[in-house]
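Accompanying notes for the structure given below.
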Amino acid sequence: MSAGYVYYFGGGEADGGKEDKQLLGGKGANLAEMTRIGVPVPPGFTLSTDVCREYMRHERLPEGLDAEVARSLSRLEKEKGKGFGDPDRPLLLSVRSGAAISMPGMMDTILNLGLNEETVEGLAREAEDRRFAFDSYRRFVQMYGDVVLRIEHADFEKILSGKKSETGARYDMDLDADALEDVVKQYKKLVLDETGQPFPDDPQAQLWGAIEAVFASWNNQRARDYRRVHRIDQNLGTGVNVMAMVYGNMGENSATGVAFTRHPGTGENRFFGEFLINAQGEDVVAGIRDPLPIDELKEQLPEAYKELMEVQQKLENHYTDMQDLEFTVERGRLFLLQTRRGKRTMAAAVKIAVDMVDEGLIDERTAVLRIDPMQLDQLLHPRLDPKAEVEMLAKGLPASPGAASGQVVFQAEEAERRAADGVDVILVREETSPDDFSGMVAARGILTSRGGMTSHAAVVARGMGKPCVVGASDLDVDLVGKTFQVGDLTVNEGDWLTIDGTGGRVLQGKVPTVEPEMSDEFRRLMEWADARRRLKVRTNADTPNDASKAREFGAEGIGLCRTEHMFFEGERIWPVREMILAEDEAARRRALEKLRPIQREDFEGIFRAMDGYPVTIRLLDPPLHEFLPRGEEEIHNLAERLDVDLDHVRASLEKHRESNPMLGHRGVRLGMSHPEITEMQARAMFQAAVNVSKAGVKVRPEVMVPLVADVAELKRQEKLIRTTAQKVFEESGVEIPFLVGTMIELPRACLTAGDIAGVAEFFSFGTNDLTQTTFGISRDDAGTFLPLYVTDQILADDPFQVLDEPGVGRLVKLATQEGRAARPDLKVGICGEHGGEPQSVTFFHKAGLDYVSCSPFRVPVARLAAAHAALAEEPEPAQTRHEAERVPVEA
Ligand code: PEP
Ligand code: MG
């Protein structure tokens with residue numbers, strides 16, 4: 001093991017291994033590992049991520065690095081029997097970045113380094129192929145010019161296409177040696193014109209230029225953006241891998257390709273990949289020529305194919321995970337250039353994990369830990385409604401599953417702009433490049449007219465879990481005119497389009513979608529997760545429908561039923577308005593009596609859906625003015641319909657106007673001033689409980705009082721609730737056990753939790769309001785300034801999404817401890833938005849809560865996150881068969 005900056009691999013030995021990801025980057029660590037286990041890898045060396053961090057700190061490369069590089073380079077020369085810069089037997093190098101967590105396409109690669117006017121002739125003689133030598137040279141000058149010298153890629157392309165039309169060549173491959181030699185000359189002239197300096201011919205100068213450029217690319221904007229979106233530490237740093245070149249462009253018995261050991265879209269256990277004959281490096285990923293499916297390699301290069309099959313199996317068994325490989329065949333000889341954990345859709349991730357347990361490769365615990373809760377909701381993506389009538393415009397490759405509709409846009413910036421206005425967009429391109437990344441983030445789906453299943457668009461979209469169709473070659477995309485043509489039809493920017501990433505279809509207009517179903521593998525994985533978690537997971541649901549959906553997702557009860565939603569729907573708003581406008585208590589009670597049977601029916605539906613599970617019903621929470629109309633016309637309507645004086649309506653509106661409604665007359669304060677509302681709701685609830693219980697349903701109601709600041713408020717409401725319950729039970733002759741508790745959503749409630757627990761049988765943290773009142777930031781107005789706090793890292797996360805542990809979290813812990821000290825069997829849960837956010841769920845687990853409650857779709861996310869939190873506390877057992885690699889969660 002090297003103790004310095006440079007780590008060698010070659011000749012079956014390596015200075016590092018797969019455990020050195022942090023130090024060598026993923027690519028470097030795996031090149032070393034493959035070398036060690038006897039997989040054919042071109043020899044080379046890795047400059048560690050320490051160098052990158054030093055480079056960021058001091059803006060220059062560290063001292064002593066040059067000597068270490070020189071030592072490794074001469075070892076490499078010896079191993080290859082070639083010389084770097086030797087005109088007869090030139091050693092040529094590739095220079096690639098590689099961080100601990102892969103960031104596909106974010107940083108740069110330079111191939112064929114070491115070529116100049118002399119060595120190119122040596123390469124031509126050695127390969128006995130002059131065209132090949134100049135093709136390599138041409139690529140090198142172009143890549144180096146682009147990456148190191150920062151000359152526009154398009155300027156080089158212009159020269160190349162100029163040459164093609166001049167000679168009548170259709171593809172790059174059709175250009176002969178002389179033509180390519182001339183292209184190189186023109187490239188070099190471009191470099192001189194643009195930079196005022198000749199293109200560097202000294203291989204040493206080339207090498208150091210490339211190394212520095214790779215380290216510098218760690219901090220380019222697109223890489224920073226990628227890390228921000230994927231929450232990757234900006235200080236991780238990249239390694240630089242310098243390897244002896246091997247050539248996939250040495251004629252018809254050479255090839256280059258990428259492959260996955262299992263299908264990255266479905267998880268099917270089948271070797272899957274694409275390749276190009278006589279091509280180099282990035283040609284496959286760039287999606288410029290259409291690659292061939294891997295099965296055809298068997299026909300074209302059978303020996304290499306056989307070896308590749310063996311190697312892929314060996315790698316998968318060794319890593320015990322699905323691998324993403326890059327390979328090159330040089331004149332029939334196979335070389336692996338990279339192996340890494342393959343990115344996959346969530347559906348594939350689940351299938352692969354479960355299959356690998358069945359195959360004895362990993363244990364259940366490892367399978368559970370391999371699924372990222374954050375991304376689980378990908379599985380719950382909508383798909384096209386099979387009953388919908390669709391107009392298919394074109395077919396492409398199903399690059400990333402799910403269906404999405406949106407307005408067509410052609411530029412990343414336009415995608416961002418429209419998305420910021422809340423418009424759904426589909427980003428349409430010929431192919432995507434890393435520059436389109438932010439637009440892909442903003443879009444609902446991505447569509448390209450070129451490229452294969454491993455093109456940039458496909459890989460990135462799968463990583464993000466966005467529907468994507470690539471290679472829809474019937475589309476004639478005009479990026480400048482912002483339109484595309486398909487057959488006779490012209491589609492313009494802003495037109496609606498639907499893509500079906502599961503079927504690879506491009507559809508006209510906006511097609512309706514349906515919710516997904518869960519696979520058997522998913523159910524099994526979730527069972528393994530459930531067996532390992534301690535936290536219970538409930539749902540926030542206000543309708544019988546949502547409650548049933550949540551049961552399917554595995555919810556173990558309702559943690560929050562917001563009864564106000566029952567007040568808003570359809571005709572129900574009218575008795576509510578009548579109640580608000582009532583002149584006295586008697587009139588108010590009359591209006592409430594109209595509401596009661598409706599509420600009761602809703603509760604009955606919910607109790608039935610949650611048979612046997614607890615249901616927490618919260619008393620009315622929002623300020624009453626939310627139920628009143630705003631516009632003039634609506635106010636007139638109201639006066640007419642309820643037959644009240646217009647002035648009275650206006651006076652009432654005025655009376656209910658508040659300058660700070662979130663801190664105003666809401667929550668328990670409504671029940672304090674209008675006890676008849678509490679009474680009506682309690683009566684409806686207990687009558688519903690009695691009714692369904694008579695029908696054999698097991699009901700466990702929990703009545704919850706919102707926004708309590710002092711125990712005295714709760715005491716008064718509790719008395720009202722219990723008296724009402726008693727009356728209903730006496731009337732019906734049925735008694736139902738129930739709990740009365742409170743939301744804890746104000747700092748004062750946390751600070752006096754001991755007193756409150758004297759009355760409350762349960763606490764449920766309303767972390768939405770608790771965040772609002774702890775920060776003093778209005779939930780409704782945060783949008784104008786809070787994003788800036790996150791971008792500028794004033795706050796690590798938006799505290800309304802990810803629980804603020806030092807502030808709000810501390811209050812949660814304090815209230816839990818003091819509440820339990822006063823009442824040891826106090827049930828404690830949380831029902832704010834944070835209940836379905838994995839990082840926050842981990843916190844609630846550690847804080848010792850009994851349950852979290854979240855929206856139905858996030859129930860599986862919370863179940864898995866709760867399992868991860870519990871497993872993180874267990875000591876790691878020995879693996880079943882192989883040591884499982886704990887991978888940091890990738891994009
Ligand atoms: C909360 O405040 O966290 C909560 C769940 O209640 P609401 O969002 O309805 O205010
Ligand atoms: Mg609240």
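Order of listing sets the numbers, starting from 1, for every ligand and every atom in it.
- In this structure, Arg641 places its CZ atom where more than 12 heavy-atom neighbours from other residues, nucleotides or ligands lie under 6.0 Å away.
- The side-chain tip of Arg538 points at the ring of Tyr851 from less than 6.0 angstrom away and within 45° of straight on.
- Thr771 has its side chain out of reach of Asp804: every pair of non-hydrogen atoms, C-beta onward, lies at least 4.5 Å apart.
- Electrostatic pairing of Glu873 and Lys846 does not count as a salt bridge here, judged by no charged N lying under 4.0 Å from a carboxylate O.
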Starting from the N and O atoms of ligand 1, collect every protein N/O partner closer than 3.5 Å and put each pair on its own line with the distance to 0.1 Å.
{"unit_1": "ligand 1", "atom_1": "2 (O)", "unit_2": "Glu745", "atom_2": "OE1", "d": "2.9"}
{"unit_1": "ligand 1", "atom_1": "2 (O)", "unit_2": "Asp769", "atom_2": "N", "d": "2.9"}
{"unit_1": "ligand 1", "atom_1": "2 (O)", "unit_2": "Asp769", "atom_2": "OD2", "d": "3.1"}
{"unit_1": "ligand 1", "atom_1": "3 (O)", "unit_2": "Gly766", "atom_2": "O", "d": "3.3"}
{"unit_1": "ligand 1", "atom_1": "3 (O)", "unit_2": "Thr767", "atom_2": "N", "d": "3.0"}
{"unit_1": "ligand 1", "atom_1": "3 (O)", "unit_2": "Asn768", "atom_2": "N", "d": "2.7"}
{"unit_1": "ligand 1", "atom_1": "3 (O)", "unit_2": "Asn768", "atom_2": "ND2", "d": "3.2"}
{"unit_1": "ligand 1", "atom_1": "6 (O)", "unit_2": "Arg618", "atom_2": "NH1", "d": "3.0"}
{"unit_1": "ligand 1", "atom_1": "8 (O)", "unit_2": "Arg562", "atom_2": "NH2", "d": "2.8"}
{"unit_1": "ligand 1", "atom_1": "8 (O)", "unit_2": "Asn768", "atom_2": "ND2", "d": "2.9"}
{"unit_1": "ligand 1", "atom_1": "8 (O)", "unit_2": "Arg779", "atom_2": "NH2", "d": "2.8"}
{"unit_1": "ligand 1", "atom_1": "9 (O)", "unit_2": "Arg562", "atom_2": "NE", "d": "2.8"}
{"unit_1": "ligand 1", "atom_1": "9 (O)", "unit_2": "Arg562", "atom_2": "NH2", "d": "3.3"}
{"unit_1": "ligand 1", "atom_1": "9 (O)", "unit_2": "Arg618", "atom_2": "NH1", "d": "3.0"}
{"unit_1": "ligand 1", "atom_1": "9 (O)", "unit_2": "Arg618", "atom_2": "NH2", "d": "2.9"}
{"unit_1": "ligand 1", "atom_1": "10 (O)", "unit_2": "Asp769", "atom_2": "OD2", "d": "3.0"}
{"unit_1": "ligand 1", "atom_1": "10 (O)", "unit_2": "Arg779", "atom_2": "NH1", "d": "2.9"}

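- A ring pair (Phe, Tyr, Trp, His ring centres under 6.0 Å) check over residues 537-559, counting only residues at least two apart or in different chains, returns the pairs Phe553-Phe857.
- No donor-acceptor contact under 3.5 angstrom links the side chains of Ser855 and Asn540, judged on distance only.
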Please list every donor-acceptor pair under 3.5 Å in which a side-chain atom of residues 605-613 meets a protein atom from a residue at least two apart or in another chain.
{"unit_1": "Asp611", "atom_1": "OD1", "unit_2": "Lys698", "atom_2": "N", "d": "2.8"}

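- Side-chain atoms of Phe762 and Thr616, non-hydrogen and from C-beta on, do get closer than 4.5 Å to each other.
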### Message
Walk me through whether Asp769 and Gln772 qualify under side-chain hydrogen bond (donor to acceptor under 3.5 Å, both in side chains).
### Response
CA-CA 5 Å; Asp769 273 311; Gln772 164 168 269; 2.9 Å; yes
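- Tally of protein N, O or S atoms closer to the Mg ion (ligand 2) than 2.8 Å: 2.
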